[in-house]
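To find a chain, count down the sequence lines: A is the first, B the second, and so on, and within it residues start at 1.
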Amino acid sequence: MHDLDDLSPLLDALNPAQREAVCAPPGHTLVLAGAGSGKTRVLIHRIAYLMQACQVPAHAVLAVTFTNKAASEMRERLHKLSRLPIGGLWVGTFHGLAHRLLRLHWQEAQLPQGFQILDSDDQARALRRIIKNRSLDEKLWPAAKMQWYINQKKDEGLRPAQIDPGDNRHAQILWEIYEDYQQFCTRSGLVDFGELLLRTHELFKQQPALLAHYQQRFQHVLVDEFQDTNHIQYLWLRQLTGLQGAAFAVGDDDQLIYGWRGAKPGNLQQFQADFAPVQLVRLEQNYRSTGLILAAANALIHHNTARLGKTLWTSGAEGAPIGLYGARNEYDEARFITERIQAWVAQGCPYAECAVLYRSNAQSRVLEETLGAAKLPYRVYGGQRYFERAEIKDALAYLRLLANSDDDSAFERAVNTPTRGIGDTSLEQVRQLARKQGLSLWRASQHLLADNTLSARAGNALRRFLELILRLRQETAALSLSALTDQVLQQSGLLDFYRQKKGEKEQMRVENLEELVSATKQYQDDATDLSATLRAEGQTPLLAFLSNAALDAGDEQTPTNQDTVQLMTLHSAKGLEFPLVFLCGLEEQLFPHRMATQTEGGLEEERRLCYVGITRAMRQLYFSHAEVRRLHGTETYSRPSRFIQEIPSGLVEDVRLKTVAHAPYRPPAATLAHSTAEFHIGQHVSHPKFGEGVVLSGEGQGASARVEVNFGRQGVKWLVLAYANLQASPPRS
DNA sequence: CCTTTATTTTTTTTT
DNA sequence: AAAATAAAGG
């Protein structure tokens with residue numbers, strides 16, 4: 001043990017409770033840490049403490065975080081704090097770590113070396129295909145539901161063999177689809193998110209020697225955001241900790257927001273029971289938020305039942321009340337936010353201190369429009385991720401095929417994008433043969449070509465496609481990752497395909513594809529720790545890049561260090577903090593979300609989500625809601641969220657816009673006729689030829705403005721206003 | 001077989 | 001509103 005002087009820089013900055021956690025004796029520890037109580041800080045200091053005071057080598061430490069963002073932040077902070085060599089330290093998400101283990105031990109896990117990760121979009125496509133193959137009605141068996149079922153089973157650690165479908169017909173079909181899907185994955189060398197965890201769990205179960213190796217290596221396993229751990233992750237943790245390892249879990253039951261992914265409120269209690277004896281430490285002092293913000297958070301979360309119970313307090317200032325803005329519509333709301341941010345910046349504070357949080361990704365669009373119009377720099381986290389864009393997925397499909405020709409998911413995607421004369425008819429033949437013989441699409445294609453079963457035209461097209469892939473593989477074998485990507489984009493014709501089109505969207509796609517080449521270039525230059533290790537562990541750059549693309553959906557594409565307003569969902573805001581926070585869209589049906597109110601316990605989870613949002617704020621917090629909002633294409637009126645009512649009114653203050661001078665903002669909207677609102681829906685009109693009718697809907701402006709009119713017996717017609725000579729008429733009695 | 005247009009469906013959160 | 005699918009036209 002070093003003497004205390006060495007440790008003082010490490011421990012001095014901590015409060016007693018934090019120090020207790022950091023210096024907890026060997027054995028299992030559970031830290032119940034409220035929002036803003038220095039959770040991450042404790043975790044990082046704990047690792048440094050283990051290394052400095054207890055002589056624990058870096059390679060004996062495994063730290064699990066919830067997002068990739070959190071993982072890289074932890075590495076960074078650890079490096080700053082201790083300047084110790086942390087090379088052998090494993091930090092990552094459950095999925096990231098499981099993936100790493102599977103890459104290392106692909107043989108023992110019975111996976112092909114080039115196995116690829118299936119994202120949820122690929123998964124949905126695969127399931128749609130399977131449902132079609134079984135000639136089930138897609139209306140009755142929506143892929144999304146099947147996806148949900150399968151993922152849930154995997155999260156519970158269940159294979160088809162371990163599920164008893166019983167004699168319920170519905171359950172049996174679900175079971176069969178799961179079985180089919182699993183076969184598809186195996187045949188194609190594909191692994192979905194849930195599979196990463198389940199497969200690793202089984203790998204450890206089947207290979208005791210391997211497990212023993214890792215148990216011996218990882219003396220300390222630390223888990224952040226423990227409350228959001230699901231069953232399979234929990235099993236994993238227990239397995240890895242074994243009999244000798246020490247688990248150090250940090251969590252807050254009030255911040256459990258991934259119940260829909262299998263996290264259970266009982267997690268923390270379960271940990272105490274299973275890992276007993278557990279040293280319990282509570283962190284209740286909040287260093288982040290003002291007194292008023294904290295009071296609001298406490299009051300809100302108090303409406304939940306079955307909590308472990310914990311009340312945050314602060315010795316800091318009371319701060320300003322929470323501002324509440326009732327907007328007329330979502331544009332008005334965005335304008336309010338814009339204005340407040342401008343005022344904030346006018347005081348000399350950076351944009352980067354401002355965060356706008358919302359319930360669903362779709363809400364970001366209006367905010368982006370408005371912020372952009374006001375020329376405020378912003379950055380959107382999550383949402384349509386870079387690697388999820390259609391054109392990027394197209395390009396990646398080619399890369400995946402290069403890595404593994406049996407990847408059916410990639411095959412389906414690449415084979416006719418850009419169109420090269422391999423239509424659904426020919427493809428169906430390939431699929432049929434593949435199904436009958438249990439082959440991959442690639443192999444089935446080879447067979448069909450060898451047997452000459454296809455028409456000359458289709459056969460040639462297909463042959464050219466296979467040759468293209470083979471040629472690319474050969475020619476690029478010696479090239480760098482970026483040169484390889486460049487070649488693929490050129491030779492596949494993808495780049496030309498989008499270039500030929502004139503639309504603005506297509507231009508964007510071309511730019512995105514070009515960006516992909518520079519992304520690969522950047523990737524090979526300053527690769528992250530994970531990819532560096534992956535490569536050191538014998539992965540080809542291509543494989544490492546593809547895995548990275550699937551697991552870390554390109555959140556770090558744009559540089560983090562720029563001074564921009566931060567836009568993100570409440571879910572992605574977990575673990576972060578900002579001086580100025582806007583919580584917008586606080587309306588019934590949106591937040592709490594309609595979908596959540598229909599599930600058991602859904603409302604409480606929404607409330608916890610709101611709690612997470614509130615506790616992100618350090619100095620100033622604003623709530624906003626809109627009377628009317630365009631949601632899924634239709635105008636929706638809604639009441640302010642119940643969460644607003646649940647906060648004592650003394651903590652909240654109504655705010656108004658300072659500049660009310662100009663007319664209320666009107667979204668670029670839907671007036672029906674070419675001359676302003678000549679006709680409205682439900683209006684009675686008369687037409688020289690068709691007679692009397694009622695306006696059903698309308699679209700377009702100026703010369704192309706049209707209305708849809710129901711003329712009763714004459715039927716429903718679309719009429720161009722410029723020609724139709726429609727007259728407004730009084731309703732018939 | 002490809003492209004364009006019309007129709008229908010689906011609307012949360014993420015690894 | 002956007003995306004997926006179906007139908008029609010070339």
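Side chains of A:Tyr381 and A:Gln566: a donor on one and an acceptor on the other come within 3.5 Å. Side-chain contact, A:Tyr181 with A:Asp192: a donor N or O sits under 3.5 Å from an acceptor N or O. Side-chain contact of A:Asn512 with A:Glu391: a donor-acceptor pair under 3.5 Å is present, judged by distance alone. Between the side chains of A:Glu330 and A:Gln363, no donor N or O sits under 3.5 Å from an acceptor N or O.
Using a 4.0 Å heavy-atom cutoff across all strands shown, A:Arg420 reaches sugar-phosphate atoms only and no base atom. Using a 4.0 Å heavy-atom cutoff across all strands shown, A:Ile422 reaches sugar-phosphate atoms only and no base atom. Among the atoms of the strands shown, none is found under 4.0 Å from any heavy atom of A:Thr634. Within the nucleic acid shown, A:Phe94 has no heavy atom closer than 4.0 Å to any nucleic acid atom.
Closest to the side chain of A:His95, from the set B:dT12, B:dC1, B:dT15, is B:dT15. Of the candidate nucleotides B:dC2, B:dT15, B:dT11, B:dT15 has the atom nearest to the side chain of A:Phe193.
Remark: C:dG10 base-pairs with B:dC1; criterion is Watson-Crick or G-U wobble with both hydrogen-bond distances under 3.5 Å. Across all strands shown, B:dT13 forms no Watson-Crick or G-U wobble pair with both key distances under 3.5 Å.
Taking atom C1' in both C:dA4 and B:dT13, one finds a spacing of 22 Å when rounded to whole Å.
If you take CD1 of A:Ile257 and P of B:dT12, they are 17 Å apart, rounded to a whole angstrom. Regarding A:Leu590, its CG atom lies at a distance of 11 Å from the P atom of B:dT12, rounded to whole Å. Whole-Å rounding puts the A:Asn460 CG to B:dC1 P distance at 12 Å. A straight line from CD of A:Glu587 to P of B:dT11 spans 20 Å, rounded to a whole angstrom. Spacing between atom OH of A:Tyr381 and atom P of B:dT12 amounts to 24 Å, rounded to whole angstrom units. For A:Asp424 and C:dA7, the CG to P distance is 13 Å, given to the nearest whole Å. For the pair A:Ile232 CD1 and B:dT15 P, the interatomic distance rounds to 19 Å; values are reported in whole Å. B:dT14 atom C1' lies 12 Å from atom CG of A:Asn230, rounded to whole Å.
For A:Arg128, a side-chain nitrogen or oxygen approaches OP1 or OP2 of C:dT5 to under 4.0 Å. When the side-chain nitrogen and oxygen atoms of A:Thr419 are compared with OP1 and OP2 of B:dC1, none of them lie within a distance under 4.0 Å. Between A:Asn361 and B:dT14 there is a side-chain N or O to OP1 or OP2 distance below 4.0 Å. Side-chain nitrogen and oxygen atoms of A:Ser426 include at least one within less than 4.0 Å of the OP1 or OP2 phosphate oxygen of B:dC1. Distances shorter than 4.0 Å separate none of the side-chain N or O atoms of A:Thr569 from OP1 or OP2 on B:dT12. OP1 or OP2 of C:dA2 sits under 4.0 Å from a side-chain N or O of A:Arg365. Contact annotation: A:Arg630 side-chain N/O to C:dA1 OP1/OP2 distance is under 4.0 Å.
Considering only heavy atoms from C-beta on, A:Ser188 stays 4.5 Å or farther from A:Leu118 through its side chain.
Atom CD of A:Glu600 has 12 or fewer neighbouring heavy atoms from other residues, nucleotides or ligands inside a 6.0 Å radius. The 12-atom threshold is exceeded at CZ of A:Arg159, counting heavy atoms of other residues, nucleotides or ligands nearer than 6.0 Å.
Taking a centre distance below 5.5 Å and an interplanar angle below 30 degrees as the stacking criterion, A:Trp260 stacks against the six-membered base ring of B:dT13. Once the 5.5 Å centre distance and the 30° plane angle are applied, the aromatic ring of A:His632 is found not to be stacked with the base of B:dT11.
One cannot find a donor-acceptor pair under 3.5 Å joining the base of B:dT12 and the side-chain atoms of A:His593.
For the pair A:Thr425 and A:Leu609, nearest-nucleotide mapping onto DNA chain B gives the more 5' position to A:Thr425.
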